[in-house]
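Owing to the predicted nature of the structure, the values given are computational and were not obtained by experimental measurement. In this chain, numbering begins with 1 at the start of the sequence shown.
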Amino acid sequence: VLDISDAIRPTSGRAIGELREMGITPVLLSGDLRQIAERVAAEVGIEKVFAEGRPKQKASYAKQQQEAGQFIALVGDDVNYSAALA
């Protein structure tokens, strides 16, 4: 059995906590399996998870939040976030 995973940076949980202190609600948008996304979210203190999302679904989520009057900021780590970031 081989288990490969990305390491979560030690400062990530603190950064999420600082966002919360500023009144910002972090949401994890991920293309990963729900189980993986939820584990990562729990590790850094994110309560709302949108997992197994394709790039267009992430963009749709971002647009829905904007249309609902939410101010959003996205951070992506690869090309799969380009549609949502646009």
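Contacts classified as ring pair (Phe, Tyr, Trp, His ring centres under 6.0 Å) and involving residues 5-31 (residues at least two apart or in different chains) are not found. Residue pairs meeting the salt bridge (charged side-chain N to carboxylate O under 4.0 Å, His left out) criterion with at least one partner in residues 25-41, sequence neighbours excluded, are R34-E38, R39-E43. Sorted by first and then second residue, the salt bridge (charged side-chain N to carboxylate O under 4.0 Å, His left out) pairs involving residues 15-24 (not counting sequence neighbours) form an empty list. Among pairs with a residue in residues 12-47, none fulfils ring pair (Phe, Tyr, Trp, His ring centres under 6.0 Å), at least two apart in sequence or across chains. Among residue pairs with one or both ends in residues 26-53, those qualifying as ring pair (Phe, Tyr, Trp, His ring centres under 6.0 Å) are F50-Y61; sequence neighbours excluded. The list of ring pair (Phe, Tyr, Trp, His ring centres under 6.0 Å) pairs with a residue in residues 11-49, not counting sequence neighbours, is empty.
By the side-chain contact (heavy atoms from CB on, under 4.5 Å) test, Q64 is found to be paired with S60, residues two or more places apart in sequence or in another chain being considered. Every residue meeting the side-chain contact (heavy atoms from CB on, under 4.5 Å) condition with A37, not counting sequence neighbours, appears here in chain and number order: L28, S30, V49, A51. For S12, the side-chain contact (heavy atoms from CB on, under 4.5 Å) partners two or more places apart in sequence, or in a different chain, are I8, R9, V44. The salt bridge (Lys or Arg N to Asp or Glu O under 4.0 Å) check on E47 picks up nothing, with sequence neighbours excluded. With sequence neighbours excluded, no residue forms a salt bridge (Lys or Arg N to Asp or Glu O under 4.0 Å) with R14. Partners of E52 according to the salt bridge (Lys or Arg N to Asp or Glu O under 4.0 Å) rule, which considers only residues two or more places apart in sequence or in another chain, do not exist here.
Other residues, nucleotides and ligands place more than 12 heavy atoms under 6.0 Å from the CD atom of E67.
Between the CD1 atom in I24 and the CD1 atom in I72 there is a gap of 12.5 Å [rounded to 0.5 Å].
The closest side-chain heavy-atom distance from I16 to I46 is below 4.5 Å.
Between the side chain of Q65 and the backbone N or O of A62 there is no donor-acceptor pair closer than 3.5 Å.
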